[in-house]
> 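If you scroll down you'll find the structure; I have some questions about it.
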Amino acid sequence: MKITKLHGLAILVTAGITGAIWYHHPFFPAGDQESTASSEEGILLMTNMNQSLCQLSRQTDLNETSPMLPRILYPQPLLTKPQPSKDYLHSQTPCRRRDVLVLTPWLAPIVWEGTFNRDILNAQYMQKNLVTGVVTFAVKKYVQFIEGFMSSANKYFLAGHQVNFYLFTDNPEQISHLQMAPENHLFVIAVQNHSQWQDISMSRMDIISRYIRSQFQYEVDYLYSIDIDVQLFEHIGVEIIDTLVGTISSWQYTARRESKSYETRTESQAAIPKGEGDFYYTASFYGGSVAEVYKLTRACFKGVMEDRENDIEARWHDESHLNKYLLYHKPTRLLSPEYYWDEELSRPRIIQVKRMCSVRKDGKK
């Protein structure tokens, strides 16, 4: 049985690993692959059979397009100044917050501690037999964050539910002793690095979209992109699951439109016109259904490439393009800053729990 270059798989089994770790090496020479084919024929045959079953049950129509909303001028929603209301959401539900905005003008929930019952959500999620994927990148010096991220995510991210972690790295040999929960699987994917971190950042959208089309659409129902230089300290559960999900930046959740870090130069495809904008979303944590994340990443990478052709780079790179996209393709669920809090900031009273935080970086490393 011959292994193709594009889908070569090998299973690494060590005494220090529970769960499963899969290595994807799309650039192995054909000779090396053929030499391992015989010993792994039975394993790969079963893998192909399982993948075929997954393809039948999870394949998504990636060619469907999402129309952009027209430009609409309206007052900016303010996260820390909810409008007085006597409606059901504010006055009767046992899970409520009166100190923050919990619903956007387009009726998308904003998830805070105290706005949901995880037991109910878990029961609903379990009935659907869903698989969620997490994409993260550890290239060059960022490999130092792999162990901290993976150990905390394995413990706190959708605990008790099946999660596929897709780790893109240029140093796959450093992933040999990670322990995973039985329901979680780690897929290590070799990726080429770039000379500048901006190029690495902006290439992520392209890589994610390409792997959605070739692999992820057959394996998961929802997909989330999370930066590697973070650690989880509290549970992040199925309350994050929705069609299109953005996380409000902890740096700019109180800022007015004119003070947010939007790209404003009209020459850029990421430009947001004056007087527009809802929230400022971080590119460190976003996601949704596989189909919607595919559309998002394709659109953002297209904007990046058009900017590059015009010799311009958006103010905050892929994050600027993400904010442009989510302005005209409204997220169906928003995660409050407690889902990605920057440790350089002091914690205000409205942040009752810090679920995931950035890791302080040592400039010497």
Side-chain angles (χ1 to χ4, degrees), residues 62-81 101 104-106 108 110 137 194-210 225 227 243-288 291-335 337 340 342:
L62 300 179
N63 295 318
E64 183 182 353
T65 60
S66 296
M68 289 179 58
L69 289 174
R71 290 185 60 187
I72 305 171
L73 299 179
Y74 51 87
Q76 177 191 349
L78 300 176
L79 199 63
T80 57
K81 295 183 179 181
L101 189 67
T104 69
W106 58 94
I110 303 175
F137 290 78
H194 294 269
S195 58
Q196 295 183 323
W197 73 267
Q198 295 95 327
D199 294 329
I200 297 171
S201 173
M202 291 191 292
S203 67
R204 290 185 302 183
M205 295 287 191
D206 179 45
I207 294 172
I208 292 172
S209 66
R210 287 192 287 108
S225 174
D227 279 356
T243 306
L244 184 59
V245 181
T247 303
I248 300 170
S249 169
S250 57
W251 278 96
Q252 303 186 52
Y253 66 95
T254 61
R256 296 282 180 169
R257 280 172 172 160
E258 57 273 16
S259 301
K260 294 184 186 295
S261 296
Y262 296 138
E263 174 58 69
T264 57
R265 294 170 295 173
T266 57
E267 300 87 353
S268 172
Q269 295 298 312
I272 292 179
K274 185 178 180 179
E276 296 187 43
D278 301 311
F279 306 96
Y280 189 85
Y281 303 99
T282 175
S284 297
F285 187 17
Y286 65 89
E292 289 303 318
V293 174
Y294 179 76
K295 297 169 190 174
L296 181 155
T297 52
R298 287 267 294 179
C300 289
F301 184 68
K302 180 181 177 182
V304 168
M305 295 309 294
E306 290 184 16
D307 277 1
R308 186 167 294 179
E309 290 176 1
N310 295 321
D311 198 26
I312 187 171
E313 190 172 278
R315 182 178 182 182
W316 290 108
H317 318 294
D318 57 334
E319 188 168 88
S320 295
H321 291 274
L322 173 72
N323 274 272
K324 171 69 173 291
Y325 185 89
L326 293 180
L327 173 60
Y328 296 118
H329 304 82
K330 303 292 190 191
T332 57
R333 183 175 300 251
L334 289 74
L335 305 181
Y340 185 80
D342 196 304

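Residue numbers count from 1 along this sequence.
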> Can you pull out every salt bridge (charged side-chain N to carboxylate O under 4.0 Å, His left out) where at least one residue sits in residues 277-288? Sequence neighbours excluded, please.
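For residues 277-288, and leaving out neighbouring residues, the salt bridge (charged side-chain N to carboxylate O under 4.0 Å, His left out) pairs sorted by first residue read D278-K330.
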
> To the nearest 0.5 Å, what is the distance between CZ on R265 and CD on E313?
8.5 Å

> List the atom of A108, the atom of P331, and the distance in Å for their closest heavy-atom pair.
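Looking at all heavy atoms of both residues, the closest pair is CB-O, 3.5 Å.
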
> With a 4.5 Å heavy-atom cut-off, do L101 and Y253 have their side chains touching?
no

> How long is the straight-line distance from CG of L244 back to CG of L334, given to the nearest 0.5 Å?
9.0 Å

> Using side-chain hydrogen bond (donor to acceptor under 3.5 Å, both in side chains) as the criterion, list what pairs up with S209, not counting sequence neighbours.
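Checked S209 against side-chain hydrogen bond (donor to acceptor under 3.5 Å, both in side chains); zero matches.
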
> Holding to side chain to side chain contact (heavy atoms under 4.5 Å, CB included), I want the full list of residues that pass it with A271, two or more places apart in sequence or in another chain.
none

> Could you give the distance from OG (S225) to CZ (F285), rounded to the nearest 0.5 Å?
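Those atoms lie 9.5 Å apart.
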
> Report the residues that fulfil salt bridge (charged side-chain N to carboxylate O under 4.0 Å, His left out) with R315, sequence neighbours left out, ordered by chain and then residue number.
none

> Looking only at atom types and distance, does a side-chain atom of T332 sit under 3.5 Å from a main-chain N or O of T243, one as donor and one as acceptor?
yes

> Would the distance check show the side chain of D307 and the main-chain N or O of S268 forming a donor-acceptor pair, the cut-off being under 3.5 Å?
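Here the side-chain-to-backbone pair does not exist.
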
> How long is the straight-line distance from CD of E263 back to NE2 of H321, given to the nearest 0.5 Å?
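Between H321 NE2 and E263 CD, I get 8.0 Å after rounding to 0.5 Å.
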
> With sequence neighbours left out, what residues match Y340 under ring pair (Phe, Tyr, Trp, His ring centres under 6.0 Å)?
none

> Which residues satisfy the side chain to side chain contact (heavy atoms under 4.5 Å, CB included) test with F301, sequence neighbours excluded?
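Side chain to side chain contact (heavy atoms under 4.5 Å, CB included) check on F301 returns M205, D206, M305.
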
> Among T254, T282, I248, which residue meets the side-chain contact (heavy atoms from CB on, under 4.5 Å) test with P337?
I248

> Using the test salt bridge (charged side-chain N to carboxylate O under 4.0 Å, His left out), find all partners of E306 that sit at least two apart in sequence or belong to another chain.
none

> Rounded to the nearest 0.5 Å, what separates atom NE2 in H317 from atom OG in S203?
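With rounding to 0.5 Å, NE2 (H317) is 12.5 Å from OG (S203).
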
> Any idea how H329 and Y325 line up, ring-wise: parallel (<30°), tilted (30 to 60°), or perpendicular (>60°)?
parallel

> Hey, is the main chain of A255 close enough, under 3.5 Å, to the side chain of K260 for a donor-acceptor pair?
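Answer holds: yes.
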
> Do L296 and L326 come close enough that some side-chain heavy atom pair is under 4.5 Å?
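They are in contact (side-chain heavy atoms under 4.5 Å apart), so the answer is yes.
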
> Applying ring pair (Phe, Tyr, Trp, His ring centres under 6.0 Å), name anything that partners Y262, two or more places apart in sequence or on another chain.
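Partners of Y262 under the ring pair (Phe, Tyr, Trp, His ring centres under 6.0 Å) test: Y280.
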
> With heavy-atom distances below 4.5 Å as the criterion, would you say the side chains of K324 and Y328 are in contact?
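In short, these two side chains touch, coming nearer than 4.5 Å.
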
> I'd like to check the side-chain hydrogen bond (donor to acceptor under 3.5 Å, both in side chains) partners of N323; sequence neighbours left out, ordered by chain and number.
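Applying side-chain hydrogen bond (donor to acceptor under 3.5 Å, both in side chains) to N323 gives none.
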
> Quick one, N310 and E267 - any side-chain contact, counting heavy atoms below 4.5 Å?
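When only atoms from C-beta onward are counted, E267 and N310 do not touch, as no gap falls below 4.5 Å.
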
> Distance check, rounded to the nearest 0.5 Å: L322 atom CG versus T297 atom OG1?
10.5 Å

> Which residues pass the side-chain hydrogen bond (donor to acceptor under 3.5 Å, both in side chains) test with D227, not counting sequence neighbours?
R204, S284

> Less than 4.5 Å apart, any side-chain heavy atom of S250 and any of D342?
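When only atoms from C-beta onward are counted, D342 and S250 do touch, with a gap below 4.5 Å.
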
> Evaluate the side-chain proximity of W251 to S261: yes if any heavy-atom separation is below 4.5 Å, no if none is.
no

> Which residues pass the salt bridge (charged side-chain N to carboxylate O under 4.0 Å, His left out) test with R333, sequence neighbours left out?
D242

> How would you list, by chain and number, every residue that makes a side-chain hydrogen bond (donor to acceptor under 3.5 Å, both in side chains) with T264, sequence neighbours excluded?
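For T264, no residue satisfies side-chain hydrogen bond (donor to acceptor under 3.5 Å, both in side chains) once neighbours in sequence are set aside.
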
